[in-house]
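Worksheet: the structure to be examined is printed underneath.
Computed from a predicted structure; not experimentally measured.
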Amino acid sequence: GKNYFIQFAYRYAVNHSNTLRNTYDYNTETKRYDIPDEELTRDYSGDFTTRRYELSFRKQEKKYNFMLGLSYQPSKTESKGRDKDTTYTLGNFAPTARFIYKFTDTRYLKITYRGTTKQPTLNQLLPLVDNSNPLVIQVGNDKLNPSFTHNLDLEYRSGKRNRFRWFSISFRGRYNTNSIINRKSYTEDGVQVRRYINSDRGVYSADLRMLLNSRLGQTDFFYNLWTRAALSNGISYILEEGEFKENVTTNLNLTVNQRF
């Protein structure tokens, strides 16, 4: 139809990585560390393959335009080494949307939503013990699921060229589900053990910014005001009294700058 468009996009990517770390135990006969530790030695190669199929529908008008889309992202992680070959296959859908309304040549409103997925890395998936730091031991988790993030962006901007005045306000929000975080516990010797898990509580961040730049009357002086407010939270799990307890931290920051 008139001013209607359909677009299809395809992306393909392969990422290859190698992990090599030889670990040896102490040999009382040779007085050297020359006995291979099969459990802690790492010798792996990994291939992370992703494909992205995206279909979008768009309408273009003089005053406004909008886009609606949906993407599907299948991925495959292959790990090979030390007789522990594993393959992880996942598939995720992610929607997209964008709306722009142009009031005038110098005033517009833009709203964008995008869903994104993030796959766990090879080191996070491999159920192996990493004790390269003897005080902090990291353990992988082959049961991890990908995390999903809702991304919302809003922007309003207006200006008057003849008065040298510009104003803008923007909002950026993120809400993450299935976040991959570390669950912490401690051994009797005080060693911290971290294990990757998916959190069932959402992690969010919000950022609001405002900018005003204006000429003072007919003078050559300008006034500039910049304000920012940010809100975010964090999730952690720590073993206390025999059970894992959830800790939620919330941060709020406010910044105001003005110049003449």
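The number of heavy atoms from other shown groups lying within 6.0 Å of CZ (R107) is above 12. In the displayed structure, K59 atom NZ is contacted under 6.0 Å by more than 12 heavy atoms of other residues, nucleotides or ligands. The environment of F57 atom CZ is dense: over 12 non-hydrogen atoms of other residues, nucleotides or ligands sit within 6.0 angstrom.
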* Asked: Could you walk me through whether F167 and L211 pass the side chain to side chain contact (heavy atoms under 4.5 Å, CB included) check?
  -> CA-CA 6 Å; F167 171 79; L211 174 65; over 6 Å; no
* Go through the steps for T96 and T112 under the test side chain to side chain contact (heavy atoms under 4.5 Å, CB included), then give the verdict. => CA-CA 8 Å; T96 58; T112 304; over 6 Å; no
* With side chain to side chain contact (heavy atoms under 4.5 Å, CB included) as the test, would you mind laying out the steps for K118 and T149 before giving the verdict? => CA-CA 8 Å; K118 184 177 181 181; T149 303; over 6 Å; no
Could you pull out all donor-acceptor pairs under 3.5 Å where a side-chain atom in residues 225-232 meets a protein atom, sequence neighbours excluded?
{"from": "R228", "atom 1": "NE", "to": "D207", "atom 2": "OD2", "distance (Å)": "2.8"}
{"from": "R228", "atom 1": "NH2", "to": "D207", "atom 2": "OD2", "distance (Å)": "2.6"}

Could you pull out all donor-acceptor pairs under 3.5 Å where a side-chain atom in residues 65-73 meets a protein atom, sequence neighbours excluded?
{"from": "S71", "atom 1": "OG", "to": "R52", "atom 2": "NH2", "distance (Å)": "3.1"}
{"from": "S71", "atom 1": "OG", "to": "A94", "atom 2": "O", "distance (Å)": "3.1"}
{"from": "Q73", "atom 1": "OE1", "to": "R52", "atom 2": "NH1", "distance (Å)": "3.1"}

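For the pair K110 and R98, the minimum side-chain heavy-atom distance is below 4.5 Å. Proximity of N3 to E61: side-chain heavy atoms (C-beta onward) are separated by under 4.5 Å at one or more points. Side chains of N92 and F148 form no contact here, defined as non-hydrogen atoms less than 4.5 Å apart. With contacts defined as side-chain heavy-atom distances shorter than 4.5 Å, the pair Y26/K31 qualifies. Put simply, the side chain of L154 does not reach to within 4.5 Å of the side chain of I169, judged on heavy atoms. For the pair Y53/P74, a side-chain contact is recorded, criterion being any heavy-atom separation below 4.5 Å from C-beta on.
Here the CG-CD distance, from N145 to Q119, works out to 10.0 Å after rounding to the nearest 0.5 Å. Atom CG of N178 and atom OG1 of T117 lie 11.5 Å apart (nearest 0.5 Å). Going from atom CD1 of I100 over to atom OH of Y108 covers 8.0 Å, rounded to the nearest 0.5 Å. Between the CZ atom of F8 and the CD atom of E54 there is a distance of 9.5 Å, given to the nearest 0.5 Å. Separating the CZ atom in R165 from the CG atom in L212 is a distance of 7.5 Å, to the nearest 0.5 Å. Between S214 atom OG and Y223 atom OH the span is 10.0 Å, to the nearest 0.5 Å.
Shortest non-hydrogen contact noted between F171 and A206 is CE1-CB, 3.9 Å. Residues N233 and Y204 come closest through the heavy atom pair OD1-N, 2.7 Å. The nearest pair of heavy atoms linking R194 to N182 is CB-OD1, 3.6 Å.
For the side chain to side chain contact (heavy atoms under 4.5 Å, CB included) test with P120, the passing option among I180, N141, N198 is I180; the others fail.
For residues 150-159, the salt bridge (charged side-chain N to carboxylate O under 4.0 Å, His left out) pairs, not counting sequence neighbours, are D153-R172, D153-R174, E155-R157.
Cluster annotation: I197 is connected to I235 through the hydrophobic network of ILVMFWY side chains, with a link wherever side-chain heavy atoms come within less than 4.5 Å. The cluster map of Ile, Leu, Val, Met, Phe, Trp and Tyr, joined by side-chain heavy atoms under 4.5 Å apart, puts L152 and L109 in the same cluster. L135 and I137 fall into different hydrophobic clusters, where Ile, Leu, Val, Met, Phe, Trp and Tyr residues are linked whenever their side-chain heavy atoms come under 4.5 Å apart, directly or through other members.
Judged by distance alone, with hydrogens and angles left aside, the side-chain atoms of S179 form no donor-acceptor pair with the main-chain N or O of I181 at under 3.5 Å.
In this pair, Y156 and F103 present their aromatic rings perpendicular. The plane angle is above 60°, beyond the 30 to 60° band. Using the six-membered ring where Trp is involved, Y12 and Y10 have ring planes that are parallel, under 30° apart on the 30 and 60° scheme.
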